[in-house]
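For clarity, every value in this text was computed on a predicted model and none was experimentally measured.
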Amino acid sequence: MKILALDSSGIVASVAVVEDDTLLAEYTVNYKKTHSQTLLPMLDEIVKMTELDMDTVDAIAVAAGPGSFTGLRIGSATAKGLGLALKKPLIPVPTVDALAYNLYDAGGLICPIMDARRNQVYTGIYRFENHRLSVLKSQWAGAVTELLEMLNEMGEPVTFLGDGVPVFRQVISETLQVPFSFAPAHVNKQRAAAVAALGLEYYKEGKTETAMEHCPDYLRVSQAERERAQREKAAEAAGNRDGEAAL
């Protein structure tokens, strides 16, 4: 089975092709360019270098969120376009699950953290049991202090990875009371190969959808939506005060 995978959920853009247990190609860039500039050219380069016939792809795995709202939209639109053109199913892979899968069969707890701004993280808690990823707490958005309290209560060694590590390294070091470590550079950010490998497992479990059905999982509303809700609430309150004054 051949899986094409895309991940543009964070600061890294990544494309990969996995066939059964073989990684045929992976192209990952973490450098000062928007995903709209990089994702399709990376895919095109992989197709050329591997002489890939896109019709031989069985499914398209995509990092489905959470993450950067813009990045998720770019990845989602690309996956949907490919799925529609090729008439292939999509495999939505939770971003945080795929990050955890980078540390396949690692001991102890695995805790990906993505910087969600305002001292919050997108995160989850995982471990490997019998060579399978076990989700102890599914991906969620919350305060980093809440996460660290939870890990202290669990009382087990933990490995952190993700773009939130450099942001929260100090508070982790100051707050965490259990043994901890940080994943090295080659596995500490999003990788489309992990999306593809985990996507293959999800495909076997029937966790697919059509291109038309797919939409990103943002986990929370965007800043623009929050600001609009605040404006509407303020306008409603002002209207109520004016109505009371008229009475």
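Scanning for salt bridge (Lys or Arg N to Asp or Glu O under 4.0 Å) contacts around Asp44 gives Lys48, with sequence neighbours left out. Every side chain to side chain contact (heavy atoms under 4.5 Å, CB included) that Asn119 has, sequence neighbours left out, goes to Phe168. For Tyr203, there are no ring pair (Phe, Tyr, Trp, His ring centres under 6.0 Å) partners at least two apart in sequence or on another chain.
Here the OG1 atom belonging to Thr123 is positioned 10.0 Å from the CE atom belonging to Met114, to the nearest 0.5 angstrom. Atom NZ of Lys189 sits about 9.5 Å away from atom CG of Leu99, to the nearest 0.5 Å. Here the straight-line distance linking atom CD of Glu174 with atom CG of Leu148 works out to 10.5 Å at 0.5 Å rounding. Here OG1 of Thr78 is found 8.5 Å from CG of Leu43. Values are rounded to the nearest 0.5 Å. Within the model, atoms OG of Ser8 and CG of Leu72 stand 6.5 Å from one another, a figure rounded to the nearest 0.5 Å. Atom CZ in Arg132 sits 5.5 Å away from atom CD in Glu201 (nearest 0.5 Å).
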Hey, mind stepping through Val15 and Glu26 against side-chain contact (heavy atoms from CB on, under 4.5 Å) and telling me if it holds?
CA-CA 6 Å; Val15 180; Glu26 184 178 31; over 6 Å; no

Show your reasoning for whether side-chain contact (heavy atoms from CB on, under 4.5 Å) applies to Thr159 and Phe180.
CA-CA 6 Å; Thr159 303; Phe180 64 91; over 6 Å; no

Requested in this report: Apply side-chain contact (heavy atoms from CB on, under 4.5 Å) to Leu4 and Met54, showing your working.
Outcome: CA-CA 9 Å; Leu4 168 66; Met54 292 291 284; 3.8 Å; yes

(request) Evaluate side-chain contact (heavy atoms from CB on, under 4.5 Å) for Leu103 paired with Leu161, printing each intermediate quantity in order. (result) CA-CA 9 Å; Leu103 304 185; Leu161 71 159; 3.9 Å; yes

**Asked** Does the side chain to side chain donor-acceptor pair (under 3.5 Å) test come out yes or no for Asp97 and Tyr202, once each step is laid out?
**Response** CA-CA 11 Å; Asp97 292 22; Tyr202 288 170; 3.2 Å; yes

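Within the 4.5 Å cutoff, the side chain of Glu45 has heavy atoms near those of the Tyr27 side chain. Counting heavy atoms from C-beta on, the side chains of Leu109 and Val178 never come closer than 4.5 Å.
No side-chain donor from either of Thr70 and Ser68 sits under 3.5 Å from a side-chain acceptor of the other. Using a 3.5 Å distance cut-off with no hydrogens or angles, the side chains of Asp7 and Ser9 do pair a donor with an acceptor. Inspection of the Ser173 and Gln170 side chains reveals no N or O donor paired with an N or O acceptor under 3.5 Å.
Residues Pro92 and Leu90 approach most closely at CD-O, 3.6 Å, considering heavy atoms.
Aromatic ring centroids of Phe128 and Tyr126 lie 6.0 Å or more apart.
With hydrogens and angles ignored, the 3.5 Å screen pairs no side-chain donor or acceptor of Asn152 with any backbone N or O of Leu176. Remark: side-chain polar atoms of Glu213 are paired, donor with acceptor, to backbone N or O of Thr210 under 3.5 angstrom. In this structure, the side chain of Thr28 does not engage the main chain of Ser14 through any donor-acceptor pair within 3.5 Å. A donor-acceptor pair is defined here as one N or O able to donate and one able to accept, closer than 3.5 Å; such a pair exists between the side chain of Gln37 and the backbone of Thr34. Asp20 places no side-chain N or O within 3.5 Å of a backbone atom of Thr22 that could act as its donor or acceptor partner. Side chain of Lys80 to backbone of Ala211: a donor-acceptor contact under 3.5 angstrom is found. For the pair Gln177 (side chain) and Leu151 (backbone), a donor-acceptor distance under 3.5 Å is absent. His214 contributes no side-chain N or O that, together with a main-chain N or O of Ala77, makes up a donor-acceptor pair within less than 3.5 Å. Between the Asn30 side chain and the Val12 main chain, no donor and acceptor come within less than 3.5 Å of each other.
Hydrophobic clustering (side-chain heavy atoms under 4.5 Å, transitive across Ile, Leu, Val, Met, Phe, Trp, Tyr) keeps Ile60 apart from Val18. In the hydrophobic clustering of this structure, Leu133 does not group with Leu136; members are Ile, Leu, Val, Met, Phe, Trp, Tyr whose side-chain heavy atoms approach within less than 4.5 Å, directly or through other members. Follow the hydrophobic side-chain contacts under 4.5 Å out from Val96 and you never reach Leu147; the two are in separate clusters. A chain of hydrophobic side-chain contacts below 4.5 Å, direct or via other Ile, Leu, Val, Met, Phe, Trp or Tyr residues, connects Ile46 to Ile74. In the hydrophobic clustering of ILVMFWY residues, with side-chain heavy atoms under 4.5 Å counting as a link, Tyr31 and Ile11 come out apart.
Ring orientation note: the planes of Phe69 and Tyr218 are close to parallel, at an angle under 30° on the 30°/60° scale. Between Tyr104 and His131, the ring planes lie parallel to each other; the angle is under 30°, not in the 30° to 60° tilted range.
Within 6.0 Å of atom CE in Met1, more than 12 heavy atoms from other residues, nucleotides or ligands are found, so the atom counts as buried in its surroundings. Enclosure of atom CG in Asp53 by more than 12 non-hydrogen atoms of other residues, nucleotides or ligands within 6.0 angstrom is indicated.
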